[in-house]
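Encoded as structure tokens, the structure appears first; notes follow it.
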There are 2 protein chains.
Amino acid sequence: MDDGSAPQKGTVTQRAIERIKAMIGEGRLEPGQRLPTERDLAAQLGISRSSMREAIRALTVLGVLEARHGSGIYVTRLEAGDLLETFGVVADLSRGPQLVELLEIRRVLESTATALAAARITADQLAEVEKHLTAMNATDDPEEILAHDLAFHREIAAAAGNETMAAILEGLSSRTFRARVWRGYQEEGAFARTRREHAAIHRALVARDPEAARAAAAAHVGEVEEWLRAQLGP
Amino acid sequence: MDDGSAPQKGTVTQRAIERIKAMIGEGRLEPGQRLPTERDLAAQLGISRSSMREAIRALTVLGVLEARHGSGIYVTRLEAGDLLETFGVVADLSRGPQLVELLEIRRVLESTATALAAARITADQLAEVEKHLTAMNATDDPEEILAHDLAFHREIAAAAGNETMAAILEGLSSRTFRARVWRGYQEEGAFARTRREHAAIHRALVARDPEAARAAAAAHVGEVEEWLRAQLGP
DNA sequence: GACCCATAGTGGTCCGACCACTCTGATGGT
DNA sequence: ACCATCAGAGTGGTCGGACCACTATGGGTC
């Protein structure tokens, strides 16, 4: 007799994670749907509540599940923002050459997103971009500048119409990541250059010129990339 | 008196995750280094072993830690491959319009990687690419074709010299992802077209022509992208 | 010197209890 | 009949302890 627990590969928790992931992949669990209780789930898979909790915690951190205290466990909407939140961890824990690689990726994606935005951005979205551009130029507080800088690019990424790309870029621009790289970059008086580059991006958006937008965004990220590369070299 | 446990935001497990992440970010824990035992860690943070285990499990799934039964808990190398393994989950759980967005991202990254590879690929790497190309054309078994197809692009991504980009592309080409999309795509007799496109990519690599390589790769992914878009439309 | 194995130490699993929070339905007043 | 209130059940969160499975180490044996 096969009781269905034949394989026995890996830890029981790992197997539980795969089982739940499979249930979602096969459509047996829909986005937003509520799961059985931890106790029931554990009983169904024949494992202890402790092990099941570890599996649930892992999937929670991955943005697949969401646990609401006192209410239950739910599948997230499974949208880009939910699943790619963990992408920020990569940016936060990367160092040295890996940071350059991440900036290289950001350059490629950011320039593409900016080009798409130039073709698709609405008047309202453009107004929002301008708001952050002027606010960024109206203060000398590095913290505030950084916040508006992030919002500036976030608005553009949103206007590109690819939520997944926007979510990845969000992770590649996470607060801690930017703070670590930009701290040194802007100490070299790069504020003026940054403002010029942002202005160029904005002009391209207003002109609805995708190629100009792509070039401006690539140059913008490329500047930081080259600076960081030089920092690591010698 | 402040006992240092003032904040109390979120669950204790979540706080433990942040603490360990911070330790790594601050360099107090180096890649490959061994951590204290679960029991010691729990005591240090003043939480139960159960909660600490959930934190460790979460970081294990994220590719930050690695638990070796009977030996101890270690920090991974923190390289792109380790941290981006979870990226495959996104591809596996995405559906509908989100799949198109992922293919759009793959088109951008794959074309960039292929262009870089055209400029940097070594003779050995090129030979490996050719091996998979011929093997792919020498069989009719869809499974085998898929395997060599994946390896073909994997070699090219590796030759591009950006490990992080290669790791992301790996996630975007995970077995289950490709299987889901390509099943339908190739049922329409797309084998011939796929072979032509792969040949074009290979020619560009041999000619060391980055722009031709970029175009060929973009067209290759774009074909699948358009097909999928059409599938979802009506 | 090489091999083997008892042993201590570590992560993996399970259990049971209790706490903190949420939701619901019965209660009582208007 | 309606609504505000609140006690109870149900759920996730935390804890402590026990035992199992595996690894690594060092001493003993040949």
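When reading the values below, keep in mind they use all heavy atoms of this one structure, side chains included, and skip hydrogens, waters and symmetry mates. Chain letters run A, B, ... following the sequence lines, proteins first, then strands; residues in each count from 1. Values in this document were obtained by computation on a predicted structure and should not be read as measured data.
Here CD1 of A:I168 is found 4.0 Å from CD1 of B:I105. Values are rounded to the nearest 0.5 Å.
Among the protein residues, B:I73 comes within range of the sugar-phosphate backbone only, with heavy atoms under 4.0 Å from sugar or phosphate atoms but none that close to a base.
Summarising the geometry, the separation between CG on B:L45 and P on D:dT14 is reported as 13 Å, rounded to the nearest angstrom. If you take CD of A:E66 and P of C:dT22, they are 13 Å apart, rounded to a whole angstrom. Rounded to whole Å, atom P of C:dG11 lies 16 Å from atom CD of B:E54. Atom CG of B:L65 is separated from atom C1' of C:dT10 by 15 Å (rounded to the nearest Å). The interatomic distance linking A:Y74 (OH) with D:dT11 (C1') rounds to 9 Å, in whole Å. In this structure, CZ of B:R34 is placed 10 Å from C1' of C:dG11, rounded to the nearest angstrom. The separation between B:I56 atom CD1 and C:dT13 atom P is 13 Å, rounded to whole Å. Put simply, CZ on A:R57 is 8 Å from C1' on D:dG13, counting in whole angstrom units.
Phosphate proximity of C:dT13 to A:T13: present, with a side-chain N or O under 4.0 Å from OP1 or OP2. In this model, the phosphate group of D:dC15 is approached by a side-chain N or O of B:S48 to a distance below 4.0 Å at OP1 or OP2. For C:dG11, neither phosphate oxygen OP1 nor OP2 lies less than 4.0 angstrom from any side-chain nitrogen or oxygen of B:R53. Between A:S51 and C:dC14 there is a side-chain N or O to OP1 or OP2 distance below 4.0 Å. Phosphate proximity of C:dG16 to A:R39: absent, as no side-chain N or O sits under 4.0 Å from OP1 or OP2.
Taking each heavy atom of B:I47 and B:S51 in turn, the nearest pair found is CD1-CB, 4.1 Å.
Closest to the side chain of A:S71, from the set C:dG11, D:dG13, C:dT22, is C:dT22.
Comparing B:R68 and A:H69 by the nucleotide of DNA chain D whose heavy atom lies nearest to each, the residue mapping closer to the 5' end is A:H69. DNA chain C is contacted by both B:S50 and B:G70; B:G70 maps to the nucleotide lying nearer its 5′ end (nearest heavy atom per residue).
Judged by distance alone with a 3.5 Å cut-off, a donor-acceptor contact links the side chain of A:R49 to the base of D:dG13.
In this model, a donor atom of one side chain and an acceptor atom of the other lie less than 3.5 Å apart for B:H153 and B:H220.
B:V75 is not listed as a side-chain neighbour of B:E30, based on a closest heavy-atom distance of 4.5 Å or more. The shortest distance between side-chain heavy atoms of A:D149 and A:H198 falls below 4.5 Å.
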